Amino acid sequence: MQKEEFSRICRDLSSGSNHALSGVLLPAVKEHLALHNKKKLPVIWLETNDSGDNNIAFMNTTYPYLDRVFTEMIDLLYSNTFMAAQGRNALNILEQIPGIYKGKFTLVVEGAVPVKDNGVYNIIARTETRFITALEAVTRLGGLAEYVVAVGTCASFGGPSAARPNLTGSAGVRDVLEREVINVSGCPVNPDWFVGTLAHLLMYGRPDLDRSGRPTLFYGFTVHRHCQRRSYFDNKDFAMKLGDIECMFSLGCMGPRTGADCPYRQWINHVSWPVKANTPCIGCTNEDFPDGSSPFFTPMPEKSQDQGGGKNVSGQRGD
Amino acid sequence: MGKQRIMFSPVTRLSGLLSVDVTVENGRVTEANAGGTMFRGFEWIMRDRHVTDAVYMTQRICGICSMAHGAAASYLLDELYDNELAENAQYLRNIMFAADFLQNHIRHFYFFSLPDFVKMPEHPPFHGQNLIDARLNPEDNRRLAGHYFEAVKAAQESHQILALFGGKAPHQHSFVHGGVAAAPTADKVEQALALIGNISEFVKGRMVPDTEMIARVYSDYFRIGITPRQFLSFGLFRFGAKNEKFLWRSGVLVDSQLYPPRLELISEDITSSWFDKTGAVEIKPDPLKLGAYTWVKSVRYAGRYFQVGPLARMIINGFYKGGTATMDRIYARTMETLLLTELAREWLKNLKPGPPPIYQKSTPVKKEVTAVTDAMRGALLHAALIEDEKVVRYNIITPTVWNFSPKDGHGGRGPLESALVGTGIPNQDMLFTILGRTIRSFDPCISCATHLLDRKGSVKAETVF
């Protein structure tokens, strides 16, 4: 399968029952691996300052389900959430892997990285004599990895962990490393965006990225562009309250400046998404989430500009 | 064997980051300091925000129990705005809440706890398992390890029920103040019933017998990891127009007596936590504080520590008559999972297909509200003080704070630390295996636990019980 075809499949086969995307994708990945004699993608996953929602989102992947991701796509070498090893045995793995897989592994970071006070607000492990901060681990492993993937909005841009007043000086991984970071944002990430990015890395290497460093495959168009309620917006027919069927721009919807394919991909085996549940999109994939989206139920022009945390407001392709 | 200090770090297979500093003397644990090593300061993040943002914002505290924070914040706002809840709203809310419980309990048992008892296949992420004390025969072991992979789908289907009505998961959207924004249409109810059927089959056919087998083969864990018999629950599953009825009762169980919880008796202590209050009006983080070892604070009720979680709920409600050890906690969680599959099905059948059951009032009738519920791991409290609908102060006490309380000013131990101290370690290679089982039996969530709170009050036990 050529890269263009892969991209087309990711875009086109994102809805419908029994989700066709992965049904097509997995055999293709297998075939590709057999053909090119590649191994699975070696992955080191560091959890830093976040809520752990992205590893839960990852567990929700369907077609491929989690077990097939583990057995057919990636070798998850270190993960605080999943690994059977514990204590010193787990730490030994973390210390040894980079040497063995130098330049070959993908570093996945889940969570923002606190930089204030040398990063003491997030310690990924301790020994009898010292703390290993997230800042130290991300910096060291980030320098040795083939790819660095920031999963979720905290890891990508700081997210809720860096929301004002940001006591811990939390920052996105790209602000800590002097190298390219692939941002797979979302609060949490949609598992398709993440598993799809891993599949792309495995088969074709780096995907095309937008200005925020995100795969255009998934973030290239605004929620607004593909929203099922777009016709209401165009007719200036707005919802008065939650539960109404009209456009929720009036209730704070961030769809017009949020890049994500939620309207047609949807969530958890592709059954629904916030607008379908009669609630506004809160722009959780954005660089300035959550401060730039709040108050969540206030229309975009009236949201509190002065509380936006001073971060860039991302612009997306499309209208 | 003399005195030895061993750093159990990282304690993997849980939510968040945990290290436990263990002292072993003559084959027995004599001290354990459990350290939550991440801090975000969510109560500070909540300040100055519009109070109706609380449901979506506080869900970001925790990925594995987001619905619990969403529920607590919704109950809080219901009282603040004096909302009236429709019966359909309560059924729908409880179905969504139960779906997140099912997700949590299934994932905890299979992804986090099972590798403590079952030899997993030798490929990532199970490499280096080092399970010293594996006791299942090869055939049973193979079968239970296989159920790990069946659990993948059952847990995903649990979240699918939540997303059917909530739009997504974690961090659902429709369970907000005033009710539920999504409509319980007949097609969604039918889909949810089909999903709960699958989950129920899994729980009955796999999780319950698997738990029973592990409880039988590792029956010594009914005598390991024992805690004092002091339990607390804020109650679970609300009904009534004002959220005034509970399905499962609240209670404080101490000295074999059950009391209704009185929130004014909750107090905190920061002796062992990385916080400072000297000279300051309010607590502030102090990561270099000497003698401190965790971001978790000590929280007590009437001056005593209380264990929270499924075991507390099952005992307080009279569903479980067992003890307070590691295997009791595991057993009670599975028991609760089974009850929840039955309740969710019943509630789905009681739902009347119709329009979105939501009516939000827009003017607050109060300035200060405290809302409580039980979450997956136990008692959860949200409290807000507002001014012009903006948050002045937002306090959160999560279940893991109760269970993972560090030592207070008098050296008293919280439930986890008291469960670890006294544990026999026949040989040092077994330390992680043995203690890991007990630590995970509490289903720790450190991303939840490490928050600022500032509740005043210090009440002596004698005055209450």
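These numbers come from the heavy atoms of this one structure, side chains and all, not from hydrogens, waters or symmetry mates. These numbers were taken from a predicted model, which means no experiment stands behind them. Reminder, nothing fancy here: chain letters follow the sequence lines and each chain counts from 1.
Proximity to chain A (any heavy atom under 4.5 Å) is restricted, for B:Pro356, to the side chain, taken from C-beta onward. For B:Arg5, the part lying under 4.5 angstrom from a heavy atom of chain A is the backbone only. Contact annotation for B:Gln103: only side-chain heavy atoms (C-beta onward) come within less than 4.5 Å of a heavy atom of chain A. Interface remark: B:Arg47 contributes backbone atoms only to the contact with chain A (heavy atom separation under 4.5 Å). In this structure, chain A has a heavy atom under 4.5 Å from the side chain of B:Asn130, while its backbone stays farther away. Using a 4.5 Å cut-off between heavy atoms, A:Thr48 contacts chain B through its backbone alone, with no side-chain atom that close. For B:His173, the parts lying near chain A are the backbone and the side chain together; criterion is any non-hydrogen pair under 4.5 Å. For B:Ile358, the part lying under 4.5 angstrom from a heavy atom of chain A is the side chain only. Heavy atoms closer than 4.5 Å to chain A are found in the side chain of B:His171, but not in its backbone. In this structure, the portions of B:Ser174 lying under 4.5 Å from any heavy atom of chain A include both its backbone and its side chain. For a residue to count as touching a neighbouring chain, one of its non-hydrogen atoms must lie under 4.5 Å from one of that chain's; by this rule A:Cys284 touches chain B with the side chain only. Heavy atoms closer than 4.5 Å to chain A are found nowhere in B:Tyr359, neither backbone nor side chain. In this structure, no portion of B:Val180 lies under 4.5 Å from any heavy atom of chain A.
Counting only N and O atoms by type, the side chains of B:Lys119 and B:Gln129 include no donor and acceptor under 3.5 Å apart. Between the side chains of B:Arg107 and B:Gln156, not a single donor N or O lies within less than 3.5 Å of an accepting N or O.
For the pair A:Arg229 and A:Asp244, the salt-bridge criterion is not met [side-chain N within less than 4.0 Å of a carboxylate O]. With salt bridges taken as basic N to acidic carboxylate O contacts below 4.0 Å, one links A:Arg130 and A:Glu136.
Below 30°, between 30° and 60°, or above 60°: for B:Phe39 and B:Trp295 the angle between ring planes is below 30°, a parallel geometry. Between A:Trp45 and A:Phe194, the ring planes are perpendicular. Angles over 60° get that label, and only those under 30° would be called parallel. The aromatic rings of B:Trp274 and A:Phe131 stand perpendicular to each other, their planes meeting at an angle above 60°, with 30° marking the opposite boundary.
The aromatic ring centres of B:Phe149 and B:Tyr110 sit 6.0 Å or more apart. Taking the six-membered ring for Trp, B:Tyr56 and A:Phe297 have ring centres closer than 6.0 Å. Aromatic rings from B:Phe126 and B:His123 are positioned such that their centres are separated by under 6.0 Å.
With values rounded to the nearest 0.5 angstrom, A:Glu95 atom CD is found 10.5 Å from A:Ile97 atom CD1.
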key: Pair B:Gln191-B:Gln160, side-chain hydrogen bond (donor to acceptor under 3.5 Å, both in side chains): steps then yes or no   = CA-CA 10 Å; B:Gln191 285 178 57; B:Gln160 191 167 329; 5.3 Å; no
task = Check the pair A:Lys40, A:Asp75 against salt bridge (Lys or Arg N to Asp or Glu O under 4.0 Å), reporting the backbone distance first and the verdict last.
result = CA-CA 6 Å; A:Lys40 289 191 284 176; A:Asp75 276 329; 3.0 Å; yes
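Among the candidates A:Asp67, A:Asn80, A:Asn89, the residue making the largest number of heavy-atom pairs closer than 4.5 Å to chain B is A:Asn80. For the set A:Ala125, A:Cys187, A:Ala134, A:Cys154, the count of heavy-atom pairs under 4.5 angstrom toward chain B peaks at A:Cys187.
Annotation: residues 429-436 of chain B contacts chain A through B:Phe432, B:Thr433, B:Gly436 [non-hydrogen atoms, separation under 4.5 Å].
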